[in-house]
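Below, chain A is the first sequence line, B the second, and so on; all start at residue 1. Just so it is clear, the values below take in all heavy atoms, side chains as well, and ignore hydrogens, waters and symmetry mates. Predicted model, so just to flag it, every value in this text is computed and none were measured.
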Protein chains: 2
Amino acid sequence: MEKTLKAIGQKNQMLPEQVAEQIKELIIGNNWEAGHKLPNEFEMADQLQVGRGTIREAIKILVAQNIVEIKRGRGTFVCEKPGMVDDPLGLSFMNDKHKLAIDMCETRLMIEPQIAEMAAQRATIEDIEKLETLCDAVEAKIRQNVEHGQEDISFHEAIAACTGNQVVQQIVPIIQSSIMLFIDITKSGLKHHTIEEHRQLVEAIKDHDGKRASEVMTAHILQNQRNIEAITKATQKGDRYVKESGAQKSSTGA
Amino acid sequence: MEKTLKAIGQKNQMLPEQVAEQIKELIIGNNWEAGHKLPNEFEMADQLQVGRGTIREAIKILVAQNIVEIKRGRGTFVCEKPGMVDDPLGLSFMNDKHKLAIDMCETRLMIEPQIAEMAAQRATIEDIEKLETLCDAVEAKIRQNVEHGQEDISFHEAIAACTGNQVVQQIVPIIQSSIMLFIDITKSGLKHHTIEEHRQLVEAIKDHDGKRASEVMTAHILQNQRNIEAITKATQKGDRYVKESGAQKSSTGA
């Protein structure tokens, strides 16, 4: 049975935040997926017994939280990855970017080799085909000498997807795109390494060789770590390679 | 030199979203920490050459994103953990809660034993004192037979803090509190296990015995995993123990 909004007793006390919470529960309770259209303003105002202004304020809150999006003239829809924000760890608010980059590498070293191992054990034929396509896409961008950050994130996200673990699939792009908040990896001298190591990763996963996949991933991250250390040291306070509008940039991220 | 807001040329095109982005960059650029008071509405409207209504809309966006908070009659302040939201992985929007709980345990098994090991290697005397206090707090709540979820999260967060790694410290409470979105751990039969295993963890970290800390953490998570599997199997679709208003509940989480 489809869940609907319930009117709340004390009309005067109904805040936009509460209405936003109700709408969010409606989306979750009905399992509305990305792209599902929400009831219109009039219907929601009627069901909740609040003014249309309150509904509009609530929708604004949900837009800011990346839960719904407004398509002008068409209505309000559930977002692609509802609830996922650009910088969910709030890392852009941390002051010491050099330490942050090092900590990020340490965290990747904890998680990603194990993910690569699991990916090798579980990858389906379709998973491997997708990985190969994405590997080619990164390589093509690098050879064209254009920004390949987004493709790089997609590649590592696809490795995580091979595990079939939903949580891991959410965490990997966060870590990946967070790195890009601070470090412009395309400015690095790692391009040849990246091409070679990505290929080795795909081969190991294709061979279902978990141990090798884990080792290659470790080497890949260590390579990145050395590079980040070199960049941040060279720039002392790490200001030069830190993107001015990091948070804004990340909206093109995973 | 303190950064200020810059007026943007085309006044008419200045949307609340853009103003919100500007204010966010102001906070980051000036390294304003939690509790810092923002310039008032008039000043910001003047600097950006936009109307006060636009500023007010922008502030609402930043409130929804947990970046600033309004204290009535006092002003607008930077939040405690700016940018961190209740459910940053958007897990409450995922449909198969049983699979999600299992995936969550698998992810914890990847990360937390390594964190425990690193904690044992790096913990200072102060870290260990804090751990002992939090361990006692969980135990006290369990013995009083009251909800101990928040204390449990704080305990695991404190272990992560021993590593000195900022990223790990952000990820652990997310994973911990996400579990509580779906599973009411206080309904479990794990209370005695929890007390015993937490104590063993503190002892291993106190002895700076990384290997033992890692093993105890693995055993602790496996115990939780078996429990979650039992609960979710018993309730078939996992509806009974899934909290109706999970997302709202989590606001008390880490």
- So what's closer than 4.5 Å to chain A heavy atoms on B/Glu33: side chain, backbone, both or neither? side chain
- Query: Taking every heavy-atom pair that is under 4.5 Å apart, which of A/Val168, A/Asn165, A/Ile111 has the most such pairs with chain B?
  - Reply: A/Asn165
- Message: I'd like to verify something: which residue of A/Ile115, A/Val167, A/Thr163, A/Ile171 has the highest number of heavy-atom pairs under 4.5 Å with chain B?
- Response: A/Val167
- Hits for side-chain contact (heavy atoms from CB on, under 4.5 Å) against A/Arg72, two or more places apart or cross-chain, chain-then-number order -> none
- Could you tell me which residues satisfy side-chain contact (heavy atoms from CB on, under 4.5 Å) with B/Asp127, sequence neighbours excluded, listed by chain and number? B/Ala123, B/Thr124, B/Cys162
- Message: Non-hydrogen contacts under 4.5 angstrom with chain B: give the residues of residues 212-221 of chain A involved, or none if there are none.
- Response: none
- Query: Within residues 55-66 of chain A, which positions have a heavy-atom distance to chain B below 4.5 Å?
  - Reply: A/Glu57, A/Lys60, A/Ile61, A/Ala64, A/Gln65
Whether [X] side chain and [Y] backbone form a donor-acceptor pair below 3.5 Å:
{"X": "B/Arg52", "Y": "B/Glu41", "value": "no"}
{"X": "B/Asp103", "Y": "A/Gln166", "value": "yes"}
{"X": "B/Gln18", "Y": "B/Leu15", "value": "yes"}
{"X": "B/His208", "Y": "B/Ala120", "value": "yes"}
{"X": "A/Gln114", "Y": "B/Met110", "value": "yes"}

- Task: Taking all heavy atoms of A/Trp32 and all of A/Pro39, pick out the closest pair and write down the distance.
- Result: CH2-CD, 3.8 Å
- Item | A/Glu157/A/Lys81 ion pair, N-O < 4.0 Å | yes
- Item | chain A contacts, top residue of B/Glu17, B/Lys99, B/Glu106, B/Met118 (heavy-atom pairs, under 4.5 Å) | B/Glu106
- Item | CD (A/Gln121) with more than 12 external heavy atoms under 6.0 Å | yes
- Item | Atom pair CE (A/Met44) and CG (A/Leu38), whose distance is rounded to the nearest 0.5 Å | 5.0 Å
